[in-house]
Trainee: 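Below you will find the structure I want to go over with you.
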Amino acid sequence: MYYAYKYRLKPSDAHREELDRHRDICRQLYNHTLYRLNEYQDDHGELPSMTTLRSELPDLKTWWDGLSDVYSKVLQTVVERLFDNLKGLSALKENGYGVGQLKWKPPREFRSFTYSQSGFKLDKKGGQTVLSLSKLADIPIRLHRAIPDDAKLKQVTVKKEPTGEWFATFGVQMDREPPEPPENPEKCVGIDVGILKYAHDTDGTAVESLDLSDERDRLEREQRKLSRKQHGSNNYEKQRRRVAECHADLRRKRRDFLHKLSAYYAREYDLVAVEDLNVKGMMESPSNSRNTASAAWRTFLSLLEYKCEREGTHFVAVNPRGTTKECASCGVSTDKPLWVREHSCPACGFEADRDANAAWNILSRGLEDVGVGYSESTPVETALPVDTPVSAKRVVEAGSPTLKERTASAVSE
């Protein structure tokens, strides 16, 4: 399996200057390669191959001062990056999206470069761990978690964040295969995600959404200050960095919460059923799009999917249509507006929390998709009497000690 391990670099001022110089050379090479691609297409009527443009790199070094200062594999990955972007545009075009052409990269939009296969290694120098980059420097790195001994380092991407911080992301290849999901899963759970309660599962646990109101207020204040600065001035640059730090703080807290929550479900259950949400379509809705974006449901589902694969857990994404309207006990659909938070079936009398009812429907559909049948504790009609109201047995606050205890094993993520 292939994983990514991200670490913070601690470069000196001299290291930062050299990193920025290498990054800018890679940016200029990207723009030059794009120019050559368009020129080749105009002359020959077709796009050149990646090998054709990469073969021009040795000749470029004869007249391009500074290009020889960058490791050869890094220059090759710049050309590969251009063709990866072309593939992305082609995929969007095939899906019916209107796409334009690739544009030249200004400095603010080209923030990373990659060492592939060789030219980098982790080493110990001066009593500290450093990342040795060929033709660049030995940069101190903060290894907050160890890379497994059986892992093979395939590549490292060095990136400068808008805050000015530098990070190194290692591409790691594991020889061991993930465990196979059990044929007859015993511990199964259905999860309904939302705004008021981020996750409501069939075990009766409701996890509240992460409260980031203070962080958003701070971001808005800093953005207002930025709008009053003269563009391009030193004060503008200082304030821009403060705004970037606010964005980074929001992003880190949200991803920390999502990592811990997804790791808990992947490790505690044999089967996890969720809704296959069309988040992009929901974002285009004229109402509540800000809360939808802040919830980051697609990120949560992506993290949950790869962690379930790693832990040998069934991950099932079901069709979300009608999960809220259908009765989990008898299957009769009942229309209810969004402000009605309780499910009350007029056919069988089953009462439940709106999200709990949806979670049971999600789990039922997930079990049908996997084809494992129903376990004894799964159908709501056998788990509870018809006249028993179902709600959250426990509500866990996001970031609370209770949630941290339940996700203690996921902190390493």
Side-chain angles (χ1 to χ4, degrees), residues 4-32 61 64-78 81 104-116 118-147 153 155-171 218-219 222-223 225-226 228-253 255:
Y5 283 70
K6 186 176 181 180
Y7 301 97
R8 187 192 301 272
L9 295 175
K10 298 183 290 184
S12 63
D13 291 340
H15 291 156
R16 291 178 184 275
E17 183 177 349
E18 192 68 7
L19 284 167
D20 278 324
R21 189 174 75 88
H22 279 238
R23 179 174 63 93
D24 194 60
I25 292 175
C26 292
R27 178 187 68 86
Q28 295 178 50
L29 176 61
Y30 178 93
N31 292 339
H32 174 79
K61 295 180 181 180
W64 188 334
D65 295 336
L67 198 63
S68 297
D69 296 339
V70 182
Y71 189 62
S72 59
K73 285 287 187 180
V74 175
L75 301 179
Q76 292 177 14
T77 57
V78 173
R81 181 172 177 172
W104 285 28
K105 294 286 187 182
R108 67 179 181 275
E109 294 183 8
F110 198 97
R111 296 189 171 275
S112 64
F113 54 92
T114 301
Y115 282 78
S116 178
S118 62
F120 66 96
K121 67 176 181 177
L122 289 172
D123 201 358
K124 284 278 188 180
K125 292 186 178 181
Q128 62 180 351
T129 305
V130 297
L131 173 61
S132 295
L133 299 175
S134 180
K135 291 192 174 183
L136 207 157
D138 295 334
I139 305 174
I141 185 172
R142 182 174 177 268
L143 287 177
H144 62 277
R145 60 171 175 167
I147 297 178
L153 300 182
Q155 68 177 31
V156 61
T157 298
V158 183
K159 182 178 181 181
K160 183 181 182 181
E161 295 291 345
T163 58
E165 298 171 310
W166 284 90
F167 289 87
T169 302
F170 292 91
R218 181 192 170 205
L219 172 61
E222 299 298 339
Q223 284 177 327
K225 293 179 183 178
L226 180 63
R228 294 191 288 267
K229 306 296 181 184
Q230 182 179 356
H231 191 277
S233 65
N234 290 335
N235 286 335
Y236 179 91
E237 178 60 24
K238 291 179 182 178
Q239 188 60 34
R240 183 205 62 78
R241 189 162 295 183
R242 290 195 188 99
V243 171
E245 289 172 354
C246 293
H247 279 291
D249 186 44
L250 273 167
R251 183 172 61 253
R252 288 168 184 164
K253 289 181 178 179
R255 288 190 69 88

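Just so you know, residue 1 is the first one in the sequence shown, and it goes up from there. Nothing here was measured: the structure is a model prediction, and the numbers come from that model.
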Trainee: By ring pair (Phe, Tyr, Trp, His ring centres under 6.0 Å), which residues pair with Phe120, not counting sequence neighbours?
Mentor: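 Once residues adjacent in sequence are excluded, Phe120 has no partner under the ring pair (Phe, Tyr, Trp, His ring centres under 6.0 Å) criterion.
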
Trainee: Heavy atoms only: give me the nearest Thr77-Val74 pair and the separation to one decimal.
Mentor: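 Closest heavy-atom pair between Thr77 and Val74: OG1-O, 2.6 Å.
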
Trainee: Which residues satisfy the salt bridge (charged side-chain N to carboxylate O under 4.0 Å, His left out) test with Arg81, sequence neighbours excluded?
Mentor: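 Not a single residue meets the salt bridge (charged side-chain N to carboxylate O under 4.0 Å, His left out) criterion with Arg81.
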
Trainee: Taking only residues two or more places apart in sequence or in another chain, which ones pass ring pair (Phe, Tyr, Trp, His ring centres under 6.0 Å) with Tyr7?
Mentor: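 For Tyr7 the ring pair (Phe, Tyr, Trp, His ring centres under 6.0 Å) partners, ignoring immediate neighbours, are His144, Phe170.
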
Trainee: With Cys246, which residues qualify under side-chain contact (heavy atoms from CB on, under 4.5 Å), at least two apart?
Mentor: Arg218, Leu219, Glu222

Trainee: If the condition is side-chain contact (heavy atoms from CB on, under 4.5 Å), which residues does Glu161 pass it with, not counting sequence neighbours?
Mentor: Lys6, Lys159, Thr163, Phe167, Arg251

Trainee: Under 4.0 Å between a Lys/Arg side-chain N and an Asp/Glu carboxylate O for Glu245 and Arg242?
Mentor: no

Trainee: Would you please name every residue forming a side-chain contact (heavy atoms from CB on, under 4.5 Å) with Gln76, sequence neighbours left out?
Mentor: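 side-chain contact (heavy atoms from CB on, under 4.5 Å) check on Gln76 returns Arg54, Leu57, Lys73.
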
Trainee: Taking all heavy atoms of Ala137 and all of His15, pick out the closest pair and write down the distance.
Mentor: CB-CD2, 3.6 Å

Trainee: For Ser68, give me all partners under side chain to side chain donor-acceptor pair (under 3.5 Å), at least two apart in sequence or on another chain.
Mentor: none

Trainee: For Leu29, is there any backbone N or O sitting under 3.5 Å from a side-chain donor or acceptor partner on His32?
Mentor: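 No: the side chain of His32 does not pair with the backbone of Leu29.
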
Trainee: For Tyr5, enumerate each residue passing the side chain to side chain donor-acceptor pair (under 3.5 Å) test, keeping only those at least two apart in sequence or located in another chain.
Mentor: none

Trainee: According to side chain to side chain donor-acceptor pair (under 3.5 Å), who are the partners of Arg255, at least two apart in sequence or on a separate chain?
Mentor: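 Checked Arg255 against side chain to side chain donor-acceptor pair (under 3.5 Å); zero matches.
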
Trainee: To the nearest 0.5 angstrom, please state how far the CD1 atom of Ile141 sits from the CD atom of Gln128.
Mentor: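 Answer for the CD1-CD pair, Ile141 versus Gln128, is 11.0 Å.
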
Trainee: Do Gln28 and Trp64 come within less than 4.5 Å of each other through their side chains, counting heavy atoms only?
Mentor: yes

Trainee: Can you list everything that forms a side-chain contact (heavy atoms from CB on, under 4.5 Å) with Glu18? Sequence neighbours excluded, please.
Mentor: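 Testing Glu18 for side-chain contact (heavy atoms from CB on, under 4.5 Å), a comparison that skips the adjacent residues, returns Arg21, His22, Leu136.
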
Trainee: State which residues pass side chain to side chain donor-acceptor pair (under 3.5 Å) with Ser116; sequence neighbours excluded, sorted by chain then number.
Mentor: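 Per chain and number, Ser116 pairs via side chain to side chain donor-acceptor pair (under 3.5 Å) with no residue.
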
Trainee: How far apart are the closest heavy atoms of Ser118 and Tyr71, and which atoms are they?
Mentor: OG-OH, 2.9 Å

Trainee: With sequence neighbours excluded, give me every salt bridge (charged side-chain N to carboxylate O under 4.0 Å, His left out) pair touching residues 122-136.
Mentor: Lys125-Asp138

Trainee: Heavy atoms, side chains only, cut-off 4.5 Å: are Leu226 and Tyr236 in contact?
Mentor: yes

Trainee: Between Glu165 and Arg252, is the closest basic N to carboxylate O distance under 4.0 Å?
Mentor: yes

